[in-house]
Chemist: 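Have a look at this one before I ask anything.
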Amino acid sequence: MSTVAPVQPQGNDGFVQIGQSAEEQIRRRVAEERARLEGEAGIQKREVHHFHKPIELPFTKLQRDHTTILFGGLTWKHERLVHAALESLGYKCESVPVPNKKAFQLGKEYGNNGQCNPTYFTVGNLVQFAQDLEAKGLTKDEICDRYVFFTAGACGPCRFGMYESEYRLALRNAGFDKFRVLLFQQSGGLNQAEAEAGLEMNVDFFLAILNALNMGDIMNDMAYQIRPYEVNAGDTDRALEESMELLHEVMRRRKPWTLHGKSQSLFGKTRFAGTAEYMGKFLHQLFGDDLMAALRQVRQRFAAIPIDRTRVKPIVKITGEFWAQTTEGDGNFNMFKFLEKEGAQVVVEPIGTWICYLMHQVVQKYHDQKGLEDGATPPSSWRVDKRLKIDLRMRKKILQIKMAEAIFKREYNRIIAALGGVGHHLVDQYELQRLGHPYYNSRAAGGEGHLEVAKNIYYSHKGLAHMVLALKPFGCMPSTQSDGAQSAVMSHYKDMIFLPVETSGEGDVNAHSRVQMALGEAKAKTKLELKAALEATGMTLEEVRAYVEEHPEMKSPMYKVPHIEGVVGAAANFVRHVAACMKKTHHKPAQRANATAAA
Ligand code: SF4
């Protein structure tokens, strides 16, 4: 064992000085010693190549005609409509396929280690798409020249903040160095410097995307509500495909509203032209009927699907992390299909909840900070003028967001109504905050924040689901935190059936078997509920079915069955409703049959 000689830097006066030269000596000797020890241990020093964000190549207006905008990460219904929305604005676009296990492997291969599961899937999916193009004969340069990828990003606090650099790193490692990634910042809109004018984030863009997402949400929700009860297998999927084609075509042909006719002659050449056009676009959005007319056509198509509400189906509410609860593929073990195959009715989570959550959080932040910018200090108490100014500014901003939220919800509800009222309305964010905050601080941002906990309580406690299934990606920080909080929730709400499942690229069998077990409990709950309904009404299922045969309108998915407080299942609610209807007519079918026979 060797020893290091003590460092004794001397000044001119002979005293020991700890100055720059001493620091240098220490550094040098430490480096020498490290080299000696590494040599002894046989460790070879390798050069470290840190990842540097590449200089972004622009996507310009001139490139639009030969550039395809890629996007993905939602359900095929949302993507079909987003596709139409972008096409209506004059963009070439394409959605990347739903990520599969191969994409996950590629994400691991080309990206960093230690990422959360959605990162691997989505990043690998883009690499896979680019590689497939290459396999079809395009060169890497052609791919980078003809395609850009459009995705959402954020500055954290969870790994979402790393997505952008992960895309770029994986693309670089796969040899697509020049591939362009356009980022829509969750908190600050699109980074226009990166997008240049290739993708214009104007009011037309936002309105078109908003319509696409809202319609996608409700079509998705509606299909999951009807499919488990369809009398003829495949009816719902057929109606869904036809309807999505119709909506895609209507949206694709829908051009952004511009000044025309009278409005053009009135304002066209004045300095108010811009404002008038802006207002016109909003009014067209709020009162235009073209999309609603198409949705009403879709309603007719779905209304014709015969359904049997007497089927005993446990209702499973899906929650969890944004991507894991939305994707319909290997990324969540194909969980929705599995649940339906096992006899459940799935209640999916709309993207609209997430949009409302983001707006809600901004309002909370303004309240918390009393309108002050990040890091700013409040003016002295005697500067009433400044304080008032800040307060007024805050109120104005809050009002703007609240108005945006109100308009958003109005539009959402209009679509639900046009589609026959089958879709679920968006849950109030204050209600979710009230329920979730005691367990998970509502100001703790990242992932779904307090929503996972709050939704569990909301759906279980309000009798809207027999079971809540949280899909949590492997390596997801916010979901891991809320898992801890869920233990406290479950100890307070004893009756709830809550199952968190960690999604990853492997382990489908294990996850499915855990779900099967919890579903067994939920099924037992559903059966008991139906039994109680039959006992309370004194009816048999045969009598209910006979009544439905006499009233075929009850077979339509558009027929409204009131939700009775405390009764979750469709069958139990339906039995009670039929009993109430029969009471109104004062006799049961059997009695009627007897009466007819006697006559
Ligand atoms: S919420 Fe979880 S899974 Fe989603 S990006 Fe953040 S860390 Fe990853």
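Counting starts at 1 for both ligands and their atoms, following the listed order. In this chain, numbering begins with 1 at the start of the sequence shown. Here the structure is a predicted model, which means the values were calculated and not measured. Reckoned from all heavy atoms, side chains included, excluding hydrogens, waters and symmetry mates.
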Chemist: Of the non-hydrogen atoms in E321 and E448, which two are nearest, and what is the gap between them?
Modeler: CA-CG, 4.1 Å
Chemist: Less than 4.0 Å is my threshold; does some heavy atom of F322 fall inside it relative to ligand 1?
Modeler: no
Chemist: Could you go through E340 and K337, starting from their C-alpha distance and side-chain angles, then the distance that decides it, and tell me whether this counts as salt bridge (Lys or Arg N to Asp or Glu O under 4.0 Å)?
Modeler: CA-CA 5 Å; E340 285 193 344; K337 252 191 214 150; over 6 Å; no
Chemist: For F474, is the CZ atom crowded, meaning more than 12 foreign heavy atoms sit under 6.0 Å from it?
Modeler: no
Chemist: Enumerate the protein N/O/S atoms at a distance below 2.8 Å from atom 2 (Fe) of ligand 1, ignoring waters.
Modeler: C476 SG
Chemist: Indicate, with yes or no, if the rings of H425 and Y412 have centres closer together than 6.0 Å.
Modeler: no
Chemist: Is R443 atom CZ crowded by more than 12 heavy atoms from other residues, nucleotides or ligands, each under 6.0 Å away?
Modeler: yes
Chemist: Which part of W323 is near ligand 1, with near meaning a heavy atom under 4.0 Å away: side chain, backbone, both or neither?
Modeler: neither
Chemist: Does K462 come within less than 4.0 Å of E431, counting only side-chain N to carboxylate O?
Modeler: yes
Chemist: Below 6.0 angstrom between ring centroids: does that apply to Y120 and F104?
Modeler: yes
